[in-house]
Amino acid sequence: MTSRNYLLKSIIGNMRRNLWLTILIFLALFAAGPVQALVSLDAAKHTSAPYPNGFTLESYLQWTLWSNISLTNSLTIILVVICAALAAFAGFFYLYSQEKTDFYHSLPLKREKLFAIQYCSGLLTFLCPYLLSVLITLGVGGVYGALNSRIFIAAGLQVLFAVIYFLAVYGAGILAVLLTGNLFAGILGFMALMAYGPILYLTFTKLNYRFFDTLVAETAGELGALFSPVTAYLQASNFYGSDRSATLYLVYGILLAALLLGADLLVYHRRPSESFHKTIAFKKLEPVIKVCGLPPVILLIAMFFSGQMYAGFFWLVAGSLILTLIFSAIYDFLCTMDIRSALKPRVSTGVILAGLILILGGYRMDIAGVDRYLPREDQIASMSVYFGSINGQFGYPEEAGDTSLSAFLREKKVEDFQDIYALAQKGVEYYEAVGPYDQQNSIETGDHQVQVSCYIAYHLKSGRDVYRMYNLPETDELVENIGKIYDNWEYRRDVLPTSYIDPENIQGIYTSSFLETGKPLDLSQNSADTLLKTYKGELENLTFLQSTEEKVVGYMELQERTREDQSYYWANDYISYYVPVYESFEKTRNLLEKMGNPMPNEVSWEEVESIRLSRYISTDETDLYQEKVFQEQGELEKILEQITFTEGRFTVGSPVNYDVSVEIQWKDQEKAPVALYLMEDDSLTDIIDQVKEQNTD
């Protein structure tokens with residue numbers, strides 16, 4: 001009992017000595033909580049109707065308070081991190097003083113109890129003012145009538161995450177103090193602990209995408225956020241309020257806080273009392289920290305500068321070697337405070353140089369076979385593929401709040417994947433034949449053969465997903481291969497917009513045809529269902545070959561209501577999908593005509609005043625604009641026979657000339673000009689040649 005009272009009195013005594021910190025934390029949190037909420041709620045209360053996103057005054061006030069008191073408040077996150085660092089350094093700052101260290105360690109207390117006193121004091125120094133600021137914020141919300149059950153849930157979650165991540169950052173700050181012997185080194189150590197994980201992950205990913213052409217950058221994932229409590233806390237904030245769960249980051253924060261607490265206890269128990277005069281408290285750790293800490297920073301800086309040079313790899317190696325010598329000397333000087341000693345060759349410097357040579361050499365030679373990766377068919381459970389020239393023509397809804405390429409490939413799996421596997425084989429063989437290629441130039445025109453980008457995912461039976469990207473020349477063989485993949489119902493069923501557009505959520509339909517653009521469709525819910533079901537059948541029965549041969553005579557813009565999630569105060573919102581109508585879609589076109597929005601498959605030359613064909617060419621040497629206006633009947637008829645829309649059209653294997661734009665001027669001056677493209681064939685050769693002969697600077 002006496003021991004407990006002594007511990008409690010010691011904690012209270014520490015808090016009194018650090019009263020300045022308690023007051024400072026309270027003022028900062030008071031500004032970020034109650035003051036910010038008061039200003040925001042008062043502004044919301046005096047906002048005149050109509051309110052944003054269709055809110056009522058009550059829901060607008062509730063949303064405003066929720067934004068201030070929930071996990072999404074980024075200012076609170078920043079302050080939690082800063083407060084944790086201040087509490088760690090204030091509580092254990094005595095370790096940097098010989099007199100204070102001797103005094104504390106002479107007390108009749110075990111080191112574990114002494115640590116517990118300092119640890120709990122720092123926690124309460126933050127927790128008391130923080131909880132008080134949250135209560136005051138709720139009181140402000142109550143005055144404005146903005147409280148409800150969801151507000152209390154949001155506030156509780158904010159407190160839970162704030163306390164957990166305070167403990168995680170607090171533990172890292174204490175560890176930085178315990179491993180160093182002065183304030184400057186402690187601050188550097190804390191910054192290193194917070195940044196080392198993200199820097200290590202960033203260096204790893206940058207090296208991968210610097211040396212490997214077939215990796216897919218969009219599938220890097222969120223693993224990097226787990227390398228630091230700060231980035232994990234921020235990622236949890238981003239996920240909260242969306243469809244994605246932040247539970248992973250809650251568990252991560254708890255485990256990290258517990259792990260750091262255990263590490264702090266172990267290091268505090270072993271830390272020599274005379275460490276106050278050293279840069280690093282443990283002599284044996286100096287080379288370990290150097291060998292582990294410097295290479296990622298060196299590689300990252302070297303990659304940045306070498307990326308500006310033409311001989312990239314040479315400068316990468318040279319920069320890495322020079323930076324190793326410079327950074328090693330700086331590090332050794334900070335540890336010894338002796339410039340002569342810092343300039344002497346050390347084994348640790350040699351280890352870093354050898355490691356960098358092995359890393360860069362291994363990446364250069366691709367010893368892991370990343371770009372040649374092709375698993376056996378019996379190792380694969382399913383595959384998925386994304387073509388920018390096909391899938392990129394449609395807009396896809398979010399998958400659990402994720403719009404990334406990896407989400408698409410993860411969801412659209414095909415178990416009958418032989419044709420996709422054959423495509424992957426072509427990709428690996430072509431890469432081995434031509435060598436590295438620039439991922440940014442996935443589509444080339446001019447004198448070069450058009451390249452098709454194929455993003456492929458191998459979903460292995462082991463549970464691992466592997467993503468690759470290949471550039472392939474658009475040959476007849478490739479187009480045929482892609483056609484087989486598209487005509488596989490298992491693939492086409494999921495990638496066409498008819499698989500994810502729900503007619504019940506369609507709030508409006510606008511049509512564009514050769515005659516007019518953006519005309520609203522007057523429809524009831526039943527007629528919308530009939531139209532979309534008819535369109536669904538015709539689009540899903542369209543083969544890949546038909547899609548390359550037929551004109552797109554118009555398109556429909558479908559406005560779909562997304563969602564209304566009152567948990568996060570989202571109001572109704574809309575997303576638009578643009579879907580093509582091909583000339584063979586006779587049933588769909590008949591329904592549109594009956595509903596007052598016809599989509600004819602041709603335009604009479606008699607309605608046209610003129611047609612302007614134009615093309616713009618930009619090269620390293622010059623920019624050239626070419627155009628010609630056609631008015632002769634024969635020329636107009638030839639052009640009008642080949643006009644097409646491009647919205648929703650597949651570009652691979654397409655005969656559309658995307659270099660030439662078509663603008664129709666009507667005899668009826670009230671009709672707006674229509675922008676189209678041409679399905680080029682031999683009948684248009686002389687007309688295109690006439691355009692090319694017209695040069696305009």
Side-chain angles (χ1 to χ4, degrees), residues 81-82 84-86 88-101 169-203 227-230 260 263-264 266-268 270-305 318-356 359:
V81 173
I82 294 174
L86 290 175
F89 278 87
F92 291 83
F93 189 76
Y94 70 89
L95 293 173
Y96 293 152
S97 169
Q98 179 180 4
E99 294 78 9
K100 292 182 179 179
T101 301
V169 178
Y170 182 49
I174 295 172
L175 185 61
V177 175
L178 297 178
L179 291 175
T180 57
N182 57 67
L183 180 60
F184 178 72
I187 293 174
L188 288 181
F190 175 74
M191 294 172 61
L193 287 174
M194 293 296 100
Y196 180 73
I199 288 176
L200 184 65
Y201 182 76
L202 181 62
T203 303
F227 280 78
S228 170
V230 177
L260 287 170
D264 291 340
L266 178 63
V267 176
Y268 187 78
R270 295 173 176 267
R271 188 181 192 273
S273 299
E274 63 276 10
S275 299
F276 60 87
H277 65 284
K278 301 177 181 178
T279 300
I280 297 178
F282 300 88
K283 185 68 176 178
K284 292 183 179 180
L285 283 181
E286 289 182 8
V288 176
I289 294 174
K290 178 181 176 180
V291 171
C292 295
L294 293 186
V297 179
I298 291 170
L299 286 171
L300 202 58
I301 297 174
M303 280 191 287
F304 173 77
F305 285 106
S320 298
L321 297 179
I322 294 171
L323 288 170
T324 298
L325 298 176
I326 294 173
F327 280 22
S328 293
I330 294 173
Y331 177 86
D332 293 335
F333 174 75
L334 291 175
C335 290
T336 63
M337 302 308 293
D338 184 349
I339 191 167
R340 290 184 179 180
S341 176
L343 295 176
K344 291 180 180 179
R346 294 177 183 269
V347 175
S348 57
T349 304
V351 171
I352 294 175
L353 288 172
L356 291 177
I359 291 172

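In what follows, residues are counted from 1 in the order of the sequence shown.
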Report task. Begin with the C-alpha distance, continue with both residues' side-chain angles, and end with the deciding distance and a verdict on side-chain contact (heavy atoms from CB on, under 4.5 Å) for Leu321 and Leu356. Result -> CA-CA 8 Å; Leu321 297 179; Leu356 291 177; 5.7 Å; no
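The distance from the OH atom of Tyr170 to the CZ atom of Phe92 is 5.0 Å, given to the nearest 0.5 Å. Here the CG atom belonging to Leu179 is positioned 11.0 Å from the CG atom belonging to Leu95, to the nearest 0.5 angstrom. Separation of atoms CG (Leu188) and CG (Leu193) is listed at 11.0 Å; rounding is to 0.5 Å. In this structure, OG in Ser228 is found 12.0 Å from CG in Leu200, a value given to the nearest 0.5 Å. Taken to the nearest 0.5 Å, the OG atom of Ser328 stands 7.0 Å off from the CG atom of Leu353.
Residues Leu299 and Ser320 come closest through the heavy atom pair CD2-OG, 4.0 Å. Looking at every heavy atom in both residues, Glu286 comes nearest to Tyr331 through O-OH, 2.6 Å. When every heavy atom of Leu343 is checked against every heavy atom of Ala329, the shortest pair comes out as CD2-CB, 4.4 Å. Closest of all the heavy-atom pairs between Ala176 and Gly186 is CB-O, 3.7 Å. Listed here is the closest heavy atom pair of Val230 and Met194: CG2-SD, 3.6 Å.
Between the side chain of Tyr268 and the backbone N or O of Ile174 there is no donor-acceptor pair closer than 3.5 Å. Between the Thr203 side chain and the Leu300 main chain, no donor and acceptor come within less than 3.5 Å of each other.
Put simply, the side chain of Val177 does not reach to within 4.5 Å of the side chain of Phe93, judged on heavy atoms. Annotation: side chain of Cys335 is in contact with side chain of Ile280 (closest heavy-atom distance under 4.5 Å). A heavy-atom distance below 4.5 Å is not found between the side chains of Phe327 and Ile352. A heavy-atom distance below 4.5 Å is not found between the side chains of Phe227 and Ile199. Put simply, the side chain of Thr324 reaches to within 4.5 Å of the side chain of Thr349, judged on heavy atoms. The closest side-chain heavy-atom distance from Thr279 to Asn182 is below 4.5 Å.
A salt bridge is defined here as a Lys NZ or Arg NE, NH1 or NH2 lying under 4.0 Å from an Asp or Glu carboxylate O, and Asp332 with Lys290 meets this definition.
Residue Leu175 forms a side chain to side chain contact (heavy atoms under 4.5 Å, CB included) with just one option from Leu266, Asp264, Thr180, and that option is Asp264.
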